[in-house]
*Asks:* 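Quick one: the structure is below, questions incoming.
Start at 1 and go down the list; that is how both ligands and their atoms are numbered. Only this structure's heavy atoms are used, side chains among them; waters, hydrogens and symmetry mates stay out.
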Amino acid sequence: MQMLTRLQEARSLDPVSDRLQAAVTGTVKPQRLRDVLQGIWLGHPLHPALVQVPVSAFLSAAVLDLIPGRGRARAATTLIAVGIGTAAPAIAAGLLDWSQMTRDRRRVGLVHAAANTVALGLYAASLAARLGGRDTRGKSLGFAGLSAAGLGAYLGGHLSYAQGAGTNQAVPEIARIPEDWTSVGSLSSLPEGKTTVRTVGDVPVLLYRTGSHVTALIERCGHETGPLGEGEIVGAGPDACVVCPWHGSTFRLADGTVVHGPAASDQPVVPVRVHDGRVELRQP
Ligand code: FES
C-alpha cells in the first residue's frame, strides 16, 4: 500500500515522535514496571493482549446500539464506560513498546496512537451524551469512535504484520543454521567467561564458555537485531547475562531467558556439542 509506505517514510513526523519518545522514556523509569508493561512475564508483548478489553467493550456497545430497547442502551453505556476505564494500561504498554522502536515504525505508531486518542475522545463525548440522556447523539459519537478505533487497529496490524514490530527478530535466523553438526572452532579458542561471536552457515552466533561447557544464542537481539556480541556481560556462572547495547534487553547466557526488556521473549538458543575438542552447532 503506497499510503502506508509514505507514512513509514514521513520524516516530517520525527520532531513530534522524538519529543514524545523522550517524554515516555523519561516518565516510565522503574525497571520492574517496564518489564511488567512490556510482557516479560508473559513471553509476548502485553499491549496487544490489553487492547482486547476496550476494543471488545466498544464493539459490543456498537452492536447493542443497533438494537432498539432502553435496557440495551443502558448496557451500551456501561460497556463504553468499561472501554474507557480499561484503556489506560493498554495505552501505557503501547507507548512503552513504541518508544523503543525504529524510526519508521514509530511514524506509523504515532498515527496509530493519534487515531486511538481521537477514538477515546469520541467515546468520552459519547458517554457524556448518554449520561445526559442524549442517546441518539451518544450513539453517533460511539460509531464515530469505532471508525477512528478501526483506523487505529488497521495501522496497528500494519506495524505488527508488515513492519514486524513486537515479533522476535532473531527467530528467522534459526532456519539458516545448518541442520547437521557444524564446527565453529576449537574449545580452547573460546575465552573463559566471555562471549565470542562465530558464524555458522551465514548466521552470527554468540558463544559463551564456562569450563568445558559452551552455550550458544543467536547473536542478533530478538528486539530490534542489536549486536549482542558488543553487549556487556553482567553476573557470573549460570546467572551470567548479556545486555544488548541498543536498548538494554538482558538475556541469560545459559538458556536465552529474557531477564529485562524491552524484548518480551527469550533469545533463541542454538544446540551445542563439544566433539573431539571442536565446538559444533546445529539447528534445533
Ligand atoms: S535491539 Fe533493542 S534491546 Fe536489543
*Asks:* Please enumerate all residues that pass side-chain contact (heavy atoms from CB on, under 4.5 Å) together with His44, with sequence neighbours excluded.
*Replies:*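 His44 satisfies side-chain contact (heavy atoms from CB on, under 4.5 Å) with no other residue.
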*Asks:* What are the protein N, O or S atoms, given as residue plus atom name, that sit under 2.8 Å from atom 2 (Fe) of ligand 1?
*Replies:*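 Hits for atom 2 (Fe) of ligand 1 below 2.8 Å: His223 ND1, His247 ND1.
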*Asks:* Go through the steps to decide whether Leu33 and Leu96 satisfy the test side chain to side chain contact (heavy atoms under 4.5 Å, CB included), and finish with yes or no.
*Replies:* CA-CA 10 Å; Leu33 176 61; Leu96 195 54; over 6 Å; no
*Asks:* Return the set of residues passing side-chain contact (heavy atoms from CB on, under 4.5 Å) with Ala125 (not counting sequence neighbours), or none when no residue passes.
*Replies:* Leu141
*Asks:* Which pair of non-hydrogen atoms, one from Val200 and one from Pro178, has the smallest distance, and what is that distance?
*Replies:* CG2-CD, 3.7 Å
*Asks:* Would you be so kind as to tabulate the donor-acceptor pairs closer than 3.5 Å made by side chains of residues 145-163, with sequence neighbours excluded?
*Replies:*
unit_1: Ser147; atom_1: OG; unit_2: Phe143; atom_2: O; d: 3.0
unit_1: His158; atom_1: NE2; unit_2: Gln8; atom_2: OE1; d: 2.7
unit_1: Ser160; atom_1: OG; unit_2: Gly156; atom_2: O; d: 3.4

*Asks:* Can a salt bridge be assigned to the pair Arg103 and Asp18 using a cut-off of 4.0 Å between side-chain N and carboxylate O?
*Replies:*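 Asp18 and Arg103: salt-bridged.
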